[in-house]
Amino acid sequence: MLMSKLVVKTLREAPSDAEAISHQLLVRGGYIRRLASGIYSFLPLGLRVLRKVEAIVREEFDAVGAQELFLPALHPVEIWQETNRINTMDDVLMKVEVRGSDFVLGPTHEEAVIATVAPDLASYRDLPATVYQIQTKFRAEARPRFGLLRTREFIMADAYSFDADKEGMRTTYKTLFDAYCAIFDRIGVEYFPVEADAGSIGGDVNHEFMVPAAIGEDHFAYCKSCGYAANIEAAVRGERGYEVTEAVKEMTKVETPNSSTIKAVVDYLNSHGYVASAETSLKAMICLDNSGAYHLLLVPGDRKVRIPSGLRAAETTDFDANPNLHLGYIGPVGMGDVGITIWVDRSVGEEIGYCTGANEAGYHLLNVLLGRDYIADHIADLVEVVAGDPCPRCEGEIELVRSVEAGHTFQLGLTYSNKIKSARFSGEDGSEAPYYMGCYGIGISRIPALVAEVSHDGNGLIWPVELSPFEVVVVALGYGSNDLVTDAADRIYYNLIDEEFDVLLDDRNIAAGVKLKDADLIGISYQVVVGARGVADGNVEVKDRSSGEATVVAIDQVGEYLINLLA
RNA sequence: CGGGGAGUGGCGCAGCGGCAGCGCACCUGGUUUGGGACCAGGGGGUCGGGGGUUCAAAUCCCCCCUCCCCGACCA
């Protein structure tokens, strides 16, 4: 490809709306252009990178026997009604109405893939099977941002596995998990498969593939000593002992006017002759389950609550509907008697008296003791981990790593098969059984941004050669005006094409500085710099964009040199 | 959805009642060619949209739209 013909125009300055470095560099380098908020076009350079990501994914999926198919982006609303995700995923669904019929623009394809392949997987003889597709997905993001990292329209590769039983599903999951590792190894970024929360997809065992990056919106808990890695939504902390200094006194009720937050209560009590702290207060949070029953979660007052799956935080109307709830003064004492399920965080001491709400506006209780003053229905991990918490697997300490989610693999089990009538096959004995499923998604269009985010310098992008839009660019300084340079550059260019390199020739008749700046900005892995001063001696320079190292190579040996380099 | 900020040529910005400008990019000619070079000439904008005030509005007022940032559960 000739640079003079390539549809690209680099920018000296990034648009003012670009905040993330990947966004700035991809726009400046002429890879992508914004069409609307969270909606991006891929220009020729950008599409080349995207195609390389796709190629890696295809190769690794194909290698484990997954078969590519292609599902529609536009789904009839009925399949989303069957799983009720038309309601549970309402906040992210884009819906369209066409001539009186309702459709959903697919944010994910569990329903669609089952509807598509179930007839082909009618017998146990047809299982196991794994299919995948590379598709554009749509999500009504609350706030698109960071260029390609959080968009409303994006490209994703998603695989779906179908097994006859749980054991088969686990085997398949392991295979796909390994394929994911192979994909990320080839992409060349540091990544961590972390234990994660299933979210709206549902299911049991699942892993997120996280790439550490400063711009990341997610955090995962990580233990250096044992390698424990879990998303903040799923991470738990280890047991920590505590010292019992004195026996817990009698529970007492005290007046705490206008103190509806932990901080206000602690401040009020401390300034009125009591001893109080956030750690020895219990934060109370009201949640509801799917049946509408109320649950009370209790955690130490200095910690953030992590709501267990299956529960949702109560809304104002839920409070209004239950006369036992006094906002700001909720506590566990007596709650069991009014039918509220009590959950207590594992770290709440059974020999420590806590300060809690008295379930009466303006009053709190002191020295509230678990087991004596109230009974826990569930003891569970209810707090979000923070850096410095003990590791749940070893003696180490948890740290939090800021990162971006690049992929997510799930053992779905029967989550969808139980909801969708057609998701069944005939077993050996003739009886019908639901599929054990898995799903595996990777954010194809997010990968270029992710790589750009972690691989760049002050001059521009630095592509690993597996993703580079071209493997090598011939930067001909003086092309079109200096015959020696022009001839040498042409010779090298055609030679590299013969050697089957993916090569770009910068044949533009413009100032040398512009070409060198553009080459660095665009970030192609290898640059062959052809200039008057080297060509006179029969030499050019081959520069590694990543290390910045330049090697003088004879014009006739550039092909051979690069073959060795890329081998 | 709540709070803040911003919309002037493809990009970055100035102008803030009196003829719509600058840098980059683009076009023509010339000089250049190892780090976004220079000279001369040129094209391109309903100043986000609508309404109002005024002799006169990019500029002041009102409404709407778009874009960016922060937040969106702990009672």
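Just so you know, these numbers come straight off a predicted model, no measurement behind them. So that the names make sense, note that chain A is the first sequence line, chain B the second, and so on, each numbered from 1.
One interatomic measurement links the two molecules: NE2 of A/H23 to C1' of B/rC69, which rounds to 14 Å at whole-angstrom precision. Atom CG in A/L521 sits about 18 Å away from atom P in B/rC24, given to the nearest Å. At whole-Å resolution of the value, CZ in A/R150 and P in B/rG71 are 13 Å apart. Protein atom CG of A/L327 is 13 Å distant from nucleotide atom C1' of B/rC73, rounded to whole Å.
A cation-pi arrangement is present between A/R48 and A/F470 under the rule of less than 6.0 angstrom and at most 45 degrees off the ring axis.
The phosphate of B/rC13 (OP1 or OP2) has a side-chain N or O of A/S16 nearer than 4.0 angstrom. One finds a side-chain N or O of A/R143 lying less than 4.0 angstrom from the OP1 or OP2 phosphate oxygen of B/rC70. Neither OP1 nor OP2 of B/rC68 sits under 4.0 Å from any side-chain N or O of A/R145.
Panel note: side chain A/D345, backbone A/L382; a donor-acceptor pair is recorded below 3.5 Å.
Not a single donor-acceptor pair, N or O on each side, falls under 3.5 Å between the base of B/rG10 and the side chain of A/R33. Within 3.5 Å, a donor on the side chain of A/D518 pairs with an acceptor on the base of B/rG36, or the reverse.
A/E541 comes within 4.0 angstrom of a nucleotide base, judged by non-hydrogen atoms across all strands. Contacts of A/V299 with the nucleic acid, taken as non-hydrogen atoms under 4.0 Å apart, are absent.
With respect to A/R491 and A/D556, a salt bridge is recorded, a charged nitrogen being found less than 4.0 Å from a carboxylate O. Taking a cutoff of 4.0 Å between a charged side-chain nitrogen and a carboxylate oxygen, A/E541 and A/K543 do not qualify as a salt bridge.
B/rC74 is unpaired under the Watson-Crick or G-U wobble criterion, no partner having all donor-acceptor distances under 3.5 Å. With a cut-off of 3.5 Å on both pairing distances, the Watson-Crick or G-U wobble partner of B/rC24 is B/rG10.
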